[in-house]
Amino acid sequence: MKVSVHGCGYLGAVHAAAMARLGHDVVGIDVDAARVAALAEGRAPFFEPGLTALLAGTGGPGALRFSTDAADAAAAEVHFLCVGTPQSAGSGVADLQQLEAALAALRPHLRPGSVVVGKSTVPVGTAARLAAGLPDGVGLAWNPEFLREGHAVADTLHPDRLVYGVPDDGGEALVARLDAVYARLLADDVPRLVTDLATAELAKVAANAFLATKISFANAVAEVCEAAGGDAVALVGTMALDRRIGGDYLGVGLGFGGGCLPKDIRAFAARARELGVGDAVSFLDEVDAINDRCRDRAVELARAACGGSLADRRVAVLGAAFKPDSDDVRSSPALALARAVAAEGADVVVTDPQALALAQAAAPELGYAADVREAAAGADVVVLATEWDEYRALDPHALARVVRAPHLVDARNAVDRARWRAAGWDVRALGVAAVRAAPAQSSSPTA
Ligand SMILES: NC(=O)c1ccc[n+]([C@@H]2O[C@H](COP(=O)([O-])OP(=O)(O)OC[C@H]3O[C@@H](n4cnc5c(N)ncnc54)[C@H](O)[C@@H]3O)[C@@H](O)[C@H]2O)c1
Ligand SMILES: O=c1ccn([C@@H]2O[C@H](COP(=O)(O)OP(=O)(O)O[C@H]3O[C@H](CO)[C@@H](O)[C@H](O)[C@H]3O)[C@@H](O)[C@H]2O)c(=O)[nH]1
């Protein structure tokens with residue numbers, strides 16, 4: 001089938017390549033000429049494990065093309081909308097300008113019988129409004145995407161579920177078209193749920209709101225553990241074994257960031273307020289506030305490790321990406337923490353295996369280093385802010401030789417504390433009162 005994908009960012013580039021892998025003839029459209037040029041050469045424009053291989057192995061010539069011209073989508077039978085829906089400046093409301101612009105560019109090229117399929121995350125009601133503006137004979141479905149960055153390829157090719165939101169009128173034909181697009185996934189028994197448009201839009205933000213709530217629940221319990229003398233990591237371990245709860249998204253630490261959870265819970269709350277049901281989801285404000293406090297508490301641990309003040313201290317921050325296996329720094333908790341530490345007068349040096357370039361662009365005021373050894377050289381405290389595997393596996397003995405003082409703030413509960421302590425480190429971690437209350441060790445040079 002001929003397919004077009006509008007917006008080739010973290011979602012759209014993977015979706016386009018995955019559609020080609022599923023056997024379709026795909027054109028990806030993006031207004032960013034550099035991004036289109038990279039993709040056209042088979043280069044992933046951002047770090048996403050497996051994307052380069054997917055771009056390289058997508059079938060015969062012509063099966064996957066990229067263009068900046070929406071006219072090149074004219075032959076497609078299905079047009080996927082994958083453009084960004086960021087948070088509007090100064091409010092929680094979703095900014096739909098990219099969506100409006102992409103549809104305006106596509107509209108003159110829509111043939112009767114073709115179908116527009118929204119994948120971007122939108123406020124409920126958007127799909128019905130956009131459908132009303134389409135030419136006669138062109139249908140619209142909403143098929144929200146649930147992929148995670150860092151796992152985007154596998155999540156696209158092996159999703160937990162497919163959700164098709166369709167209008168009452170013409171719904172069957174839209175379902176048949178989407179079934180044809182996803183035939184190979186459906187053959188693998190991926191559950192497919194057909195809903196109305198509003199339910200499909202809400203299915204996406206409800207899932208993200210639930211995940212954010214689960215993370216903030218764990219971090220709220222962590223605050224209580226710190227005050228009461230408990231260990232939040234051990235505590236959530238007990239909860240995780242309850243099959244009704246499960247252990248996913250109970251990771252205690254710096255909290256959630258990225259291009260999705262923070263903006264999506266705010267947009268959900270803002271839309272609910274517009275609909276007059278703001279009270280129903282007002283708890284999401286608290287979810288957001290708990291999340292913000294995670295960074296404050298991590299800064300407090302770093303301050304305590306430095307004897308009460310961060311002024312003129314050297315702080316190494318390991319991690320800039322919002323999560324491991326991604327170079328995305330949008331709303332990154334690690335960068336927010338680094339900025340907050342710098343604001344207290346510290347000399348901050350950030351490192352990350354993949355996100356350095358994007359971090360430097362987003363926060364040019366911070367110091368950067370190419371690797372852990374360079375970042376940690378002469379540091380008064382090392383803060384582990386993004387739990388990359390290579391940071392989990394660090395040798396505490398080797399690192400102790402380069403720092404000025406062996407203080408570690410494990411803001412992601414990522415390392416084996418006993419192992420680091422045995423190597424002479426003072427380890428502080430979020431959600432662990434005993435660790436947090438440990439008397440500050442000497443900050444005299446050790447190397
Ligand atoms: N990133 C994720 O993991 C993920 C997962 C599921 C859903 N989503 C949702 O998908 C949407 C896209 O997110 P993203 O992270 O890929 O954003 P992104 O910013 O990485 O990508 C958006 C892309 O759209 C392009 N674009 C902007 N205006 C355009 C236009 N008029 N025509 C064509 N292209 C245009 C941009 O140049 C950019 O490449 C958002 O609604 C997001 O909430 C994202
Ligand atoms: O126990 C946990 C799990 C995650 N996180 C943090 O939560 C954020 C989001 O993580 P994750 O969900 O893995 O990444 P995203 O790529 O942002 O994916 C989310 O957002 C996407 C965009 O909407 C959705 O498609 C996905 O289903 C949804 O998981 C990151 O900062 C993580 O560090 C925690 O703090 N604790």
Side-chain angles (χ1 to χ4, degrees), residues 4-16 28-36 38-39 45-46 48 66-70 73 80-87 94-106 118-123 126 143-152 155-156 159-161 201 204-205 207-212 214-219 222 236 240 246-265 267 291 294 319 321-326 328-334 336 385-387 411-414 430:
S4 74
V5 175
H6 300 260
C8 297
Y10 285 95
L11 162 60
V14 175
H15 190 69
I29 309 287
D30 202 290
V31 290
D32 183 334
R35 180 156 287 192
V36 164
L39 286 164
F46 47 82
E48 179 61 45
F66 292 92
S67 169
T68 53
D69 187 355
F80 285 104
L81 302 178
C82 296
V83 294
T85 51
Q87 187 178 332
D95 178 346
L96 301 182
Q97 285 181 59
Q98 292 184 31
L99 204 51
E100 308 282 358
L103 211 45
L106 174 61
K119 292 199 75 66
S120 302
T121 304
V122 291
T126 304
N143 167 222
E145 176 56 56
F146 299 96
L147 70 80
R148 296 158 300 163
E149 290 178 27
H151 305 269
D155 286 353
T156 305
D160 287 347
R161 75 290 210 189
E201 294 168 306
K204 172 66 199 180
V205 285
N208 274 2
F210 189 78
L211 295 172
K214 222 177 157 191
I215 295 167
S216 276
F217 183 88
N219 287 323
V236 298
D248 290 345
Y249 287 81
L250 284 179
V252 171
L254 258 192
F256 58 83
C260 294
L261 298 191
K263 68 137 173 103
D264 287 350
I265 62 168
N291 197 49
C294 295
F322 83 106
K323 64 185 279 193
D325 299 319
S326 174
D328 197 348
V329 298
R330 290 177 290 182
S331 298
S332 166
T386 309
E387 69 278 30
R412 288 291 184 183
N413 282 296
L430 289 170

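Starting from 1, each residue takes its place in the sequence as its number. First listed ligand is number 1; within each ligand, the first listed atom is number 1.
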Tell me, which protein residue and heavy-atom name are nearest atom 19 (C) of ligand 2, and how many Å apart are they?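 Checking every protein heavy atom, the shortest distance to atom 19 (C) of ligand 2 gives L261 CD2, 4.0 Å.
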
Closest non-hydrogen protein atom to atom 12 (O) of ligand 2, residue and atom name please, with distance?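 For atom 12 (O) of ligand 2, the nearest protein heavy atom is Y249 OH, 2.6 Å.
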
[X] versus ligand 1: do any nitrogen or oxygen atoms come within less than 3.5 Å of each other?
{"X": "C82", "answer": "no"}
{"X": "K204", "answer": "no"}
{"X": "K119", "answer": "no"}
{"X": "T85", "answer": "yes"}
{"X": "E145", "answer": "no"}

Per-atom contacts of ligand 1 with Y10, taking only distances under 4.0 Å to non-hydrogen atoms: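 Listed by number with element, the hits are 1 (N), 15 (O), 16 (O), 20 (O).
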
Tell me which part of [X] gets within contact of ligand 2: side chain, backbone, both or neither, using heavy atoms under 4.0 Å.
{"X": "L211", "result": "side chain"}
{"X": "K214", "result": "neither"}
{"X": "L147", "result": "backbone"}
{"X": "L250", "result": "backbone"}
{"X": "R330", "result": "neither"}

Answer yes or no: does an N/O atom from I215 fall short of 3.5 Å to an N/O atom of ligand 2?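 I215 vs ligand 2: no N/O contact under 3.5 Å.
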
Determine, considering heavy atoms only, which of T121, D32, L147, V83 sits nearest to atom 11 (C) of ligand 1.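 Closest candidate by heavy-atom distance is V83.
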
E145 neighbourhood, listing ligand 2 atoms whose heavy-atom distance to it stays under 4.0 Å: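 Going through ligand 2 atom by atom, the ones under 4.0 Å from E145 are 25 (O).
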
